[in-house]
Amino acid sequence: MTGDAPPTVSAALRTGFFPSVVAWQRRSGRHGLPWQGTRDPYSVWLSEVMLQQTQVRTVLGYYERFLRRFPDVHALAAATLDEVLALWSGLGYYRRARHLHACAQTVVAQHGGRFPTSAAALATLPGIGASTAAAIAAFCFGERCSILDGNVRRVLARVLADDRDPAHPATQRAWWTTAQALIPDDATAAEMAAYTQGLMDLGATVCTRTRPRCDVCPVAALCAGQASGAPTAWPRRSPRGARRREAWCLPLYVRSDGAWWLQRRPDRGIWAGLWAPPVLAQVEVLEDWLCAQPALAAEWWPAFDHTLTHRDLRLQPLLCRVPTDSAAGPAPAAPGVVADQGAWWSPSAALSLGLPAPVRAWLQTLVSGSRTSNSR
DNA sequence: AATTCGGGGTC
DNA sequence: GACCCAGAATT
């Protein structure tokens, strides 16, 4: 199918897709995930936000830990952002954690601690977009609304043999319309829950990216992609986006009497709100500083790479010691240090903070003493 | 409409 | 490496 018009949903699809997915989910879908088997909007919301752009396997450990610490929306709303970020540390897309916290506070302050019950109302809350709102509304309240995540986009593109660019907004609008049209007017709440889960399960376990298992697919008979014999031709690959840029990143680990100086990163940008050492973008700044203070020894540790969505970071850790009595005192006089945004932390305390993954990895390496430094 | 947000997994 | 993953917010 080509062009900008929404794809026509055939009568066969309109009548057959939904019940096939529902029946298949009940028989062969996933049922044991920790966020299943509940209609508690808080639990469902937490799982949906964690699962945004994140695979189930990655989320599993985080979800249980988070729910133990914050068992309901009131506990989460009463927490500090630092506590939330600490539990989110390593999961990435930290704006999600900030929105999660803000959303909990909004639900408590403006909705009496109860989540809105419609997708439209849910979508007005921080961090809840159209797809997440639909997931919560369908799972918890049986609303007849469709999700449209990466799995569903892939399934739809194949079922419709739709050649349009998945990244194009017009394509997304058309697929929202199609997805909605696949839901019967008389779908029950229980069916909506099974259907929504079934769409996710189908994309995750059957209609996979590289090796779709059309032989066990409940909608294979309705699928134009399968009929073509080459279902992996869809979804069409987007034209290459912007290439990741390389960036040097020189974290300056300042140590004093066993304590580490860490400071909170700005509210915007990479690793927003997390704790990290001062990060220099240019080595010259540090070298000038060191030349002026020959008594301080700086150690250069092996550089390593860390990939983000839009950056190829090349991290060059630097280790610097300052006099032993300063750990209880003021901020070190070092490049990049912002005194009122930082503090000294013991190793164990530091590792309980919200840290960027490479910072956590490096601190752990250092604390465990499994490596020796390259003194210079 | 295009960019900006992490980190980990797969092939 | 390329691509993807239960996307959303911002500009």
Side-chain angles (χ1 to χ4, degrees), chain A residues 29-30 33-36 44-63 85 88-100 102-103 122-139 146-155 157 165-173 176 179 193 195-205 207-211 232 235-245 247 265-274 276 305-313 354-361:
Chain A
R30 296 177 292 187
L33 297 171
W35 44 83
Q36 293 182 280
V44 173
W45 162 69
L46 175 62
S47 73
E48 291 302 327
V49 174
M50 282 190 169
L51 286 159
Q52 290 168 1
Q53 297 298 105
T54 309
Q55 295 178 344
V56 167
R57 182 180 303 182
T58 304
V59 166
L60 285 173
Y62 284 90
Y63 178 78
L85 287 172
W88 205 272
S89 179
L91 201 50
Y93 283 117
Y94 297 97
R95 188 158 50 181
R96 291 184 296 174
R98 306 168 69 81
H99 285 317
L100 194 84
C103 182
L122 286 163
T124 67
L125 293 168
I128 301 183
S131 189
T132 299
I136 299 169
F139 281 134
S146 180
I147 58 172
L148 188 67
D149 58 25
N151 284 331
V152 179
R153 282 194 291 273
R154 184 171 57 249
V155 170
D165 181 355
H168 200 277
T171 306
Q172 305 240 9
R173 286 194 295 273
W176 272 113
Y195 176 72
T196 303
Q197 185 65 52
L199 284 180
M200 297 169 171
D201 295 349
L202 198 57
T205 67
C207 196
T208 56
R209 185 168 64 91
T210 55
R211 290 192 57 188
T232 55
R236 207 197 82 182
R237 263 179 42 220
S238 296
R240 171 168 310 295
R243 194 170 302 159
R244 267 197 297 271
R245 286 175 292 175
R265 292 182 59 80
D267 286 344
R268 317 184 68 138
I270 294 170
W271 302 323
L274 300 189
D305 296 330
H306 186 75
T307 303
L308 305 178
T309 306
H310 293 296
R311 294 282 187 282
D312 269 328
L313 296 182
L355 305 172
V359 172
R360 179 175 301 281

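Since this is a predicted model, take the numbers as computed values, not measurements. A, B, ... follow the sequence lines: proteins, then strands. Residue 1 opens every chain.
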Please compare A/P169 and A/R57 by the position of their nearest nucleotide in DNA chain B and report the one closer to 5'.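 Result: A/P169.
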
Residue whose nearest DNA chain B nucleotide is more 5′ - A/L91 or A/R211: A/L91

Checking the side chain of A/Y94 only, and the main-chain atoms of A/S89 only, is there a donor and an acceptor separated by less than 3.5 Å? no

Using atom types as modelled and distance alone, determine if a side-chain donor or acceptor of A/S47 lies under 3.5 Å from a backbone N or O of A/V44. yes

For DNA chain B, which residues in residues 305-313 of chain A have a heavy atom at a distance below 4.0 Å? A/H306, A/L308, A/T309, A/H310

Would you please confirm or rule out a distance under 4.0 Å between OP1 or OP2 of B/dG7 and any side-chain N or O of A/Y62?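 A/Y62 to B/dG7 OP1/OP2: no side-chain N or O under 4.0 Å.
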
How many Å lie between [atom1] on [X] and [atom2] on [N], as a whole number?
{"X": "A/W271", "N": "B/dT4", "atom1": "CH2", "atom2": "P", "result": "16 Å"}
{"X": "A/M50", "N": "B/dG7", "atom1": "CE", "atom2": "P", "result": "15 Å"}
{"X": "A/W88", "N": "B/dC5", "atom1": "CH2", "atom2": "P", "result": "17 Å"}
{"X": "A/L274", "N": "B/dC5", "atom1": "CG", "atom2": "C1'", "result": "12 Å"}

How would you list, by chain and number, every residue that makes a ring-ring contact (aromatic ring centres under 6.0 Å, His included) with [X], sequence neighbours excluded?
{"X": "A/W45", "value": "A/Y42, A/F115"}
{"X": "A/F139", "value": "none"}
{"X": "A/W35", "value": "A/Y63"}

Sequence neighbours excluded, which residues qualify as salt bridge (Lys or Arg N to Asp or Glu O under 4.0 Å) partners of [X]?
{"X": "A/R209", "value": "none"}
{"X": "A/D305", "value": "none"}
{"X": "A/D201", "value": "A/R30"}

Whole-angstrom distance between B/dT10 and C/dA6, as gauged at atom P: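 It comes out at 13 Å once rounded to the nearest Å.
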
What distance, rounded to whole Å, do you find between the two P atoms, one in B/dG6 and one in C/dT10?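 One P to the other, the span is 15 Å.
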
Checking A/R265 now: which residues fulfil side chain to side chain donor-acceptor pair (under 3.5 Å) with it, not counting sequence neighbours? none

In 5'-to-3' order, the base (B), backbone-only (S) or no-contact (-) status of each nucleotide in nucleotides 6-11 of chain C, using a 4.0 angstrom heavy-atom cut-off, is BBBSSS

